[in-house]
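Residue numbers begin at 1 in each chain, while the letters A, B, ... track the order of the sequences.
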Amino acid sequence: MRRLFLNEIRNWSSSVLGIATVVCVLSFWQLLSHWRAYDVHLVPPPGVTATAFLEMVKNGEWFIDVGDSLARYLVGLLIGCFSGVMLGLLTGRLQLLRGCVAPILDFCRSTPLISLVPLFIVLFGIGFKEKVLLVGWGVLFPVWLNTQAGVLRIEREYIWVAKSLGVSDNRLYREVVLPRALPFIIAGVRIGIATGFFALGAAEIAGAFSGVVFRAYYSHQMFRTDKMMVAILTIGFLGILCDRSYTFAMARLVPWWKENI
Amino acid sequence: MIQANDSGSDKILLKKVGVIYSSGDTAITALDGCSLSVRANEFLCLLGPSGCGKSTILHLIAGFLEPTSGSVLINGRKINGPGADRGVVFQQYNLFPWKRVAQNIEFGTRLQILSSEERRTIIAEYLELMELTGFERSYPFQLSQGMQQRVGLARAYANDPEILLMDEPFASLDAQTGLRMRELLLRIWNGKQKTIVFVTHDIDEAIQLGDRVVIMTRRPGRIRKEVLIDLPRPRPKDFFLDSKYAQLRATMRSVLLDE
């Protein structure tokens with residue numbers, strides 16, 4: 001009980017410390033610009049950035065960018081996770097298939113995503129579909145590889161125990177192999193959540209007319225570095241938000257996940 | 001010394017079994033020309049230093065492992081993989097961390113074919129026997145190691161196998177709980193007529209539990225001596241005051257130390 005309480009305080013104080021650090025960095029940055037320590041037109045201070053943010057909120061630009069980016073990101077994330085888990089379960093189970101696709105898999109996941117943008121535009125045209133598929137592509141591989149590893153790494157003791165209880169192959173797969181792979185899949189999706197943002201970035205610097213990353217590039221070309229800063233901070237914030245809500249949800253949905261097996 | 005023979009009365013029979021584990025260029029002989037027979041309803045203890053192949057014998061009988069040479073028979077027939085007739089209790093990786101206590105216990109097929117009401121009765125019965133009542137909805141990680149081990153025992157007992165294969169199942173329990181669990185095991189063995197092969201490195205445990213103790217040599221594992229424990233059953237709590245006990249203990253100690 002006492003330990004639980006101490007843990008609570010430790011968690012709470014570490015998040016307070018984290019926020020305090022952010023405030024310190026922002027204040028220091030504001031001070032630097034106040035002292036004219038660098039060219040404030042190139043990198044605007046927090047105050048100017050905040051003003052730009054309010055302007056973008058007022059004219060609705062910010063909401064359109066965030067909405068468009070999130071729609072591309074979330075649909076792509078779903079597609080990538082679903083196909084990654086399915087393919088991982090297949091290649092984890094079928095050794096022959098695993099051998100067949102291994103070189104293609106390695107080739108695809110080591111090709112920088114940004115170099116694939118022209119190919120996706122040629123294949124799917126400029127638009128929502130192409131961007132969603134790019135995000136899905138970025139998410140697919142970490143999810144696939146982790147799922148496959150999870151299926152392959154199952155301890156033989158679990159299989160032995162299940163078979164000694166007379167469990168059929170079907171139940172063994174559903175109730176032992178799959179749940180044992182789940183912590184790996186959860187970790188894979190978490191990596192996918194991050195790589196999905198990289199992919200969104202690649203998708204929005206070519207052939208996009210809205211979106212948070214588009215806004216950063218476009219504002220830069222228009223010499224609106226204040227709006228560029230807003231866009232950069234927004235994408236970072238969205239990334240943290242997605243990661244934190246995911247781990248929060250998983251800790252509640254799969255309570256045994258973090259307790260190592 | 002009891003000779004292994006082909007007669008049908010043997011529940012478990014190992015005939016000149018050899019097991020060689022090979023990985024890459026190295027090959028380790030875990031068992032070498034090992035013959036052993038276990039009668040139906042016998043309580044057999046395998047005693048020996050670690051790495052002597054006790055667990056290998058257990059894995060052979062369970063069907064997790066095929067012998068490199070010789071054969072392993074159950075009821076006179078060759079083993080074809082693991083099955084619900086042979087329950088196992090390991091020291092580790094016993095429980096499925098993703099299943100709650102009750103779900104772990106009811107996982108066995110022999111419980112799955114029962115009606116949910118019968119199943120609930122059996123689970124409640126074993127939860128009580130194992131002093132786990134109130135924890136049926138807990139996950140294994142929320143329990144102490146000793147409690148986890150008791151859930152593993154409950155699951156093996158609840159599936160009611162004819163043969164129980166146990167690999168140092170009480171080693172992680174505190175002394176008191178270990179005592180109670182040994183008594184409970186004997187009660188279950190008595191009431192339900194099971195054949196038990198019990199691996200241990202503890203002489204006292206072997207004498208308290210076994211009808212017969214098989215002592216093994218260090219690698220490559222061979223059977224060194226078989227000792228019949230002709231102490232009366234049920235063995236009284238102060239069985240260790242019996243002079244016969246002291247004699248048995250001395251014999252086994254000298255065999256083990258002779259290594």
Side-chain angles (χ1 to χ4, degrees), chain A residues 1-5 7-8 85 88-89 92-93 146-147 149-190 247 249-261, chain B residues 55 58-65 74 79-101 103-113 137-143 148 151-167 169:
Chain A
M1 199 57 218
R2 202 180 129 77
R3 230 180 98 202
L4 213 82
F5 183 64
N7 271 340
E8 202 102 310
V85 169
L89 291 179
R93 200 173 196 193
N146 270 274
T147 306
V151 177
L152 286 175
R153 288 236 194 105
I154 181 160
E155 291 81 358
R156 56 183 192 173
E157 282 86 350
Y158 287 133
I159 293 177
W160 285 351
V161 166
K163 286 194 168 172
S164 294
L165 290 164
V167 169
S168 65
D169 281 356
N170 252 330
R171 271 189 78 209
L172 181 74
Y173 193 69
R174 260 186 301 123
E175 297 189 43
V176 179
V177 177
L178 281 189
R180 177 65 190 96
L182 195 55
F184 286 85
I185 297 174
I186 291 174
V189 169
R190 192 171 177 194
T247 46
M250 283 305 130
R252 268 143 200 85
L253 288 174
V254 191
W256 53 271
W257 155 50
K258 278 201 175 167
E259 310 305 323
N260 210 8
I261 306 190
Chain B
S55 302
L58 221 59
H59 289 177
L60 282 168
I61 301 171
F64 304 150
L65 190 69
I74 304 279
I79 290 175
N80 183 24
D85 57 325
R86 285 153 287 147
V88 293
V89 182
F90 293 124
Q91 266 181 293
Q92 259 194 328
Y93 295 113
N94 257 316
L95 300 184
F96 301 114
W98 47 89
K99 287 180 178 286
R100 296 173 194 273
V101 166
Q103 291 172 323
N104 261 293
I105 296 177
E106 68 177 354
F107 190 56
T109 30
R110 290 183 177 182
L111 285 169
Q112 290 291 319
I113 53 172
R137 289 190 53 77
S138 302
Y139 282 99
F141 77 85
Q142 294 166 321
L143 306 180
Q148 291 182 21
V151 179
L153 290 164
R155 189 181 51 195
Y157 296 161
N159 203 41
D160 199 18
E162 292 100 73
I163 298 174
L164 260 176
L165 306 167
M166 311 180 88
D167 196 348

Heavy-atom side-chain proximity of A:Tyr173 to A:Leu178 below 4.5 angstrom =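 Sidechains of A:Leu178 and A:Tyr173: in contact.
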Options A:Leu182, A:Val167, A:Val176, A:Leu165, ranked by heavy-atom pairs under 4.5 Å with chain B, top entry =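 Greatest number of close heavy-atom pairs with chain B: A:Leu165.
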Please check if the side chain of B:Trp98 supplies one atom and the backbone of A:Glu175 the other of a donor-acceptor pair under 3.5 Å.
->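 Answer holds: yes.
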Is there a donor-acceptor pair closer than 3.5 Å between any side-chain N or O of B:Asp167 and the backbone N or O of B:Phe90?
->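 Side chain of B:Asp167 to backbone of B:Phe90: no pair is present.
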Is it the backbone or the side chain of [X] that comes under 4.5 Å from a heavy atom of chain A, or both, or neither?
X: B:Gln112; value: side chain
X: B:Phe107; value: both
X: B:Leu95; value: backbone

Would you call B:Glu162 and B:Arg110 a salt bridge, using N to O less than 4.0 angstrom?
->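 Salt bridge flag = yes for B:Arg110 with B:Glu162.
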Side chain from CB out, backbone as N, CA, C, O: work out which of these in A:Val254 comes under 4.5 Å of a heavy atom of chain B, or both, or neither.
->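 Neither the backbone nor the side chain of A:Val254 comes within 4.5 Å of chain B.
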Distance from B:Phe64 atom CZ to A:Arg156 atom CZ, nearest 0.5 Å?
->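 Between atom CZ of B:Phe64 and atom CZ of A:Arg156 there are 10.0 Å.
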